[in-house]
There are 2 protein chains.
Amino acid sequence: MKPPPTDRTNGRAAPAARRRRPTIVDVAAAAGVSKSLVSLALRGDDGVNAATRARILAVADELGYRSNVLARGLVQGRTMILGVLLTDLANPYHTEVVAGVEDTADANGFTVLLAHGRRDRRRLEQQLDALLQLNVDGVVVISSWLEPQALTDAARRAPVVVVGRPPRQPAGVDTVANDDAAGAAAAVDHLARLGHERIAHLAGTARPASRARSDGYRATMRRLGLTHHTAVVEIGDASRHRAQAAAELLSGGTPTAVFAVNDMAALAVLDQAHAMGIAVPERLSVTGYDNTVLAETVRPRLTSVDQPRTVMGRLAVDMLLERFSGRTADRREVLAPDLVIRDSTASAPRR
Amino acid sequence: MKPPPTDRTNGRAAPAARRRRPTIVDVAAAAGVSKSLVSLALRGDDGVNAATRARILAVADELGYRSNVLARGLVQGRTMILGVLLTDLANPYHTEVVAGVEDTADANGFTVLLAHGRRDRRRLEQQLDALLQLNVDGVVVISSWLEPQALTDAARRAPVVVVGRPPRQPAGVDTVANDDAAGAAAAVDHLARLGHERIAHLAGTARPASRARSDGYRATMRRLGLTHHTAVVEIGDASRHRAQAAAELLSGGTPTAVFAVNDMAALAVLDQAHAMGIAVPERLSVTGYDNTVLAETVRPRLTSVDQPRTVMGRLAVDMLLERFSGRTADRREVLAPDLVIRDSTASAPRR
DNA sequence: CTGTTAGCGCATTCAT
DNA sequence: ATGAATGCGCTAACAG
């Protein structure tokens, strides 16, 4: 805890001559009217003399006056700010949801501010709290790391929508998720239609979304009568683990196709296949999940399950707006994902 | 502009039973003391009876009391919040700088909030304004898009540090940048040492950083006496442009090496080389710039110039702290980049 | 139609 | 150890 900022705007000339932004009183003084009148004029109230209003607007413009959100929030009880809390800035999945959030927020006159949890639950809670303290009107949580209790608590202070798949459904908060089971089914069905039978699965960590995808994989394999599904390997976050898991997967059972839990995992499979001299897609088909930029970047371009991220972000804000208008019942939305077929999948090799 | 939130905490039972967070008065009431005493106790003032303090702390803890940043900011003139303004959330370069900012902010008890410009100058200005309205104590701008005037104006309200290379040095704000010319020289020198002579360059848009790199490239080629530097192609942001530019570059002059302005451009070269059946690095060496995750993702792994992003972020906050302690002179810091050699560069092919 | 006045919210700091 | 005053900028209610 270092020495905090000392500068005060009042008092004698501060070092850097910090300038107060013009307030409504400055405008009032410059225009020679009361600040109430300025307020009315600025908000287009009818009861203001046209000439006076013109003068006020001119002065305000000249001074570069802009009303202060927080001050207005103080009296109106709303700030027109929406907070977005996300686990991991570096995760492109998250940032695309943010784009959707921004779209709808913009269209409705809201400003969006972001808080970053750095993949740390404690920090996520702190940041959520920080947003709430700013009196944001609502929060979109792009994370499945928070305890249901923390979310429910937060929702008592402002409407909260979770984008993703929290471990348990928290009371009082809305959720938007994609149908992981359906996505897994789409990928596996696609591979099966291409004639693959030995379809292996590279599974993720214990996160709910990963589990749902693995469950979907197993269910689909069962439905297809494919008992020979080679292996399910738990992988960690470290890329070394992924590589190791991928190596293990390709060595045992000699699969002709792999359904990876996400694009990063799929990339590990691609790399491992390359190292082992297995041609993709000729001898091995690979599918990812999330359709991140990665999928369009690696060679061969990755077939991947696409979550409608932008739509999810938009929907999240829509749900916030509904809460603002009085909805009290929780709403959970599950969106259908979409398989994007690229170059990493092809017909199964003949024996 | 949709109907804004209507809920007020006061009045009769609001639909969702929105709960006020406990304030210092609640704690005072529950502990049977005045709020002044609570304030003193919480901040460890000596003049508080030990037993009383213990009771107050216990009550505060039980109620889950946490002081409100904004209210404290009101009276103290500082909020202990730092704002980060960035051009593009999806740009991993930016997010790594953020990590550095967060490191140092954390260590000094500051909270970090992010505002996103969506690659739009107007929006960047709005977001900068939004941060300032929150009374953040300082702002780190990770962008070179803002007009110097906008930055200077902002700096009158709170200290501002720009990470990156603004077109002109704005008065009153500090800057942290990497030495693009030196980075370019490191890359070209590396290629020259490997025996390359026909070293082409894939240039970027008109952004200052890109220009500095191109200048560095040309200067180094001249210094090395390599007049035969094939071509400089202007590329746009669209990936199609990049591909086209890369194709053009590899067709004319048959270079044996390419210094690309950034990793994305290098990736385009890699892809194009692959399409044309040119083996990398056997027949063509490629270097990138920025050392993004991309560099460690593509095959072959990309040799790239690394900017010390985390350090830059940390330094930015250090500079903010200096301003808080009274520094008034502008400070501009230029950090040395570092060439990271991977698999995409090798000795020049024999004729 | 215009101007004045009193809070909105909360924590700190000064007098007592 | 306490009440009252204070910081901020705005809007709403009311008086002129």
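Just so it is clear, the model here is predicted, and its values are computed rather than measured. By convention in this document, chain letters (A, B, ...) are assigned in the order of the sequence lines, proteins followed by strands, and residues within each chain are numbered from 1.
When rounded to the nearest whole Å, the span between CG of B:Leu70 and C1' of D:dG9 equals 12 Å. The interatomic distance linking A:Leu40 (CG) with C:dT5 (C1') rounds to 14 Å, in whole Å. Spacing between atom CD1 of B:Ile56 and atom C1' of D:dT2 amounts to 12 Å, rounded to whole angstrom units.
For B:Arg118, the side-chain contact (heavy atoms from CB on, under 4.5 Å) partners at least two apart in sequence or on another chain are A:Ala99, A:Glu102, A:Asp103, B:His116, B:Arg123. Residues that satisfy the side-chain contact (heavy atoms from CB on, under 4.5 Å) test with B:Ala31, not counting sequence neighbours, are B:Val33, B:Arg55, B:Ile56, B:Val59. Under the rule for a side-chain contact (heavy atoms from CB on, under 4.5 Å), the partners of B:Ala154 that lie at least two apart in sequence or sit in another chain are B:Leu128, B:Leu132, B:Val160. Residues that satisfy the salt bridge (Lys or Arg N to Asp or Glu O under 4.0 Å) test with B:Glu333, not counting sequence neighbours, are B:Arg331. Checked against salt bridge (Lys or Arg N to Asp or Glu O under 4.0 Å), A:Arg332 has no partners two or more places apart in sequence or in another chain. By the side-chain hydrogen bond (donor to acceptor under 3.5 Å, both in side chains) test, B:Thr111 is found to be paired with no residue, residues two or more places apart in sequence or in another chain being considered. Residues satisfying the side-chain contact (heavy atoms from CB on, under 4.5 Å) test with B:Ala28, not counting sequence neighbours, are B:Lys35, B:Val38. Among residues two or more places apart in sequence or in another chain, the side-chain hydrogen bond (donor to acceptor under 3.5 Å, both in side chains) test is passed with A:Thr95 by none.
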Nucleotide N/O of nucleotides 14-16 of chain D paired with protein N/O under 3.5 Å:
none

Might you list the N or O atoms of the protein lying below 3.5 Å from N or O atoms in nucleotides 10-12 of chain C, with each pair's distance?
{"residue": "C:dA11", "atom": "OP1", "partner": "B:Tyr65", "partner atom": "OH", "Å": "2.8"}
{"residue": "C:dA11", "atom": "OP2", "partner": "B:Ile24", "partner atom": "N", "Å": "2.6"}
{"residue": "C:dT12", "atom": "OP1", "partner": "B:Arg72", "partner atom": "NE", "Å": "3.0"}
{"residue": "C:dT12", "atom": "OP1", "partner": "B:Arg72", "partner atom": "NH2", "Å": "3.2"}
{"residue": "C:dT12", "atom": "OP2", "partner": "B:Ser39", "partner atom": "OG", "Å": "3.0"}

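Comparing the helix axis at one end of the helix from C:dC1-D:dG16 to C:dT16-D:dA1 with that at the other, each defined from 5 consecutive pairs, gives an inter-axis angle of 60° (nearest 10°).
Heavy-atom minimum distance, B:Val162 versus B:Ser143: CG1-O, 3.5 Å.
Within the structure, the salt bridge (charged side-chain N to carboxylate O under 4.0 Å, His left out) test picks out the following pairs touching residues 163-177 of chain A (sequence neighbours left out): A:Arg165-A:Asp180, A:Asp174-A:Arg323, A:Asp174-A:Arg327.
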